[in-house]
Every structure is written in structure tokens, then in C-alpha cells.
Amino acid sequence: MMTYLMNLSRRDIPMDEPGNSFPGRPGRQWCAGLALLLVLAACRPAATPSPTPVSGATVRSATGLEAGSAWSRPAPQGGTGVVYLELRGAPDGPDRLEGLSFAGADRAEMHRTVRRGDLMSMEPIPEGIEVPAGGSVSFAPGGLHVMLLDLKAPLAAGGVFTVTLHLARAGDLDLPVPVRPLVP
Ligand SMILES: [Cu+2]
């Protein structure tokens, strides 16, 4: 099974507890003050607010299943794209998202993000995703997502592409996916 690993540990900044400063140990106090400044700088909100998020239109199958709120990020040719979306099951019965296809990539895979200690990894979900009757399934950063592997052309900010969802009961459903600009 393919596994992608990212090291999320952030232990390069030495942190002293503020209460650990003692008379005669100014070096330690200064160190604690510097660490606090670094933390404040990292937590400061961005100077300009993020633009309003752009999400794709909702599409509806003949069975009543809905898909929408899709979006993606810019990615280069030959690179890997990502798609996030929302599914809402038909009220009268469950369905199963068996896979997706995108003409602009070698293949599209559903992945889940899993955390093991300090490591985040992601795993393909070849068995598909259950969509409960009347329930929702969210593909969002840090959780379920769709990966577009080996892109044949770049995904450019402001563009819209179409992926096809393959559902066991509802059949194929074309979903528009806008590409959001990267926010600095
Ligand atoms: Cu992934």
C-alpha cells in the first residue's frame, strides 16, 4: 500500500516555561522572552484577510444524491492535484462513491489522512466511500481528499475543471471544480 509521509514535528524552537526564570540566571530569562516573541510572531494574523473562498456548484443525480462545494489548488503539469468536495446522500437510500475520473490526470484516487504520533500520512481507499441516506460526507483538508496523480496539464488558479464521480446507485455524475488561488 502506498504511504506518503510528512514530518509535522516542530521541535526546532527551544521553549522555556516562563515560570522557570530564577534570579542570577538572566540568560535563561532572555531565552524565555525570545521564545515568547517567536510564538507571538507565528500566531499573528495575516495582514490582509483571505479572499472569499470559491466553491463549485451543486449537482444532483436522478436518485437525489447531491455533490458540490468542490475546490482545488493550483498544481504543475506532472504534479499532483487535490480535490475537496461535499456529498449529500439521497433521502431514500445509501450509495457508494466507488471512484472518480479526471481526463487531465493519469488517475484519480480517494485518500484518507491518518495521524500516527507526529507523522501525518495518507492512504488510498480502494473500497470506496459509503454515502449514508440523507447524510453527508465531507472531503476536506486534513481528512478525506481526492488526489489527481500525474497531471497532464497545470491546474491554474481561477480555472474550473470537471471530475466524474462514479457512484454505485446514482451512476456517473460530472462535478465542476474551481481552482482557488494560493493564499500567501
Ligand atoms: Cu492524498
Side-chain angles (χ1 to χ4, degrees), residues 1-12 42 46 50-61 65-89 94-132 135-184:
M1 174 175 288
M2 262 192 304
T3 303
Y4 308 83
L5 295 175
M6 287 181 286
N7 192 341
L8 290 189
S9 64
R10 292 283 182 271
R11 297 205 172 128
D12 47 341
S50 304
T52 304
V54 177
S55 297
T58 297
V59 293
R60 187 181 168 92
S61 77
L65 178 141
E66 291 180 346
S69 299
W71 60 282
S72 182
R73 292 195 171 108
Q77 181 175 1
T80 302
V82 67
V83 177
Y84 303 113
L85 65 131
E86 302 279 342
L87 294 173
R88 176 159 285 278
D95 206 332
R96 172 166 289 272
L97 179 60
E98 298 180 317
L100 299 92
S101 54
F102 172 49
D106 184 52
R107 65 189 190 279
E109 293 183 353
M110 290 178 279
H111 287 180
R112 66 166 60 89
T113 307
V114 289
R115 173 183 279 273
R116 293 187 183 90
D118 282 346
L119 292 177
M120 299 292 281
S121 63
M122 44 188 183
E123 308 173 333
I125 314 171
E127 71 273 20
I129 301 277
E130 179 86 7
V131 186
S136 57
V137 176
S138 181
F139 287 71
L144 297 173
H145 56 277
V146 178
M147 303 223 74
L148 309 173
L149 299 159
D150 199 1
L151 291 168
K152 297 171 183 171
L155 301 181
V160 180
F161 60 91
T162 300
V163 294
T164 303
L165 312 185
H166 305 297
L167 292 138
R169 193 162 73 98
D172 286 357
L173 199 56
D174 287 342
L175 179 67
V177 184
V179 183
R180 288 184 187 173
L182 286 174
V183 179

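Just follow the structure's listing: the first ligand is 1, and inside any ligand the first atom is 1.
- Residue His145 approaches the Cu ion (ligand 1) most closely through its N/O/S atom NE2.
- Ring geometry for His145 versus His111: interplanar angle over 60°, hence perpendicular rather than tilted (30 to 60°).
- Distances from the Cu ion (ligand 1) show that Met147 has an N/O/S atom below 2.8 Å.
- Residues Leu165 and Leu87 have side chains in contact (heavy-atom distance under 4.5 Å, counting atoms from C-beta outward).
- Among the atoms of Met122, an N, O or S atom falls under 2.8 Å from the Cu ion (ligand 1).
- For the atom pair Glu86 CD and Glu66 CD, the distance stands at 11.5 Å (nearest 0.5 Å).
- If you look at His111 and ask which of its N, O or S atoms sits nearest the Cu ion (ligand 1), the answer is ND1.
- Within the 3.5 Å criterion, the main-chain N or O of Lys152 finds a donor-acceptor partner in the side chain of Gln77.
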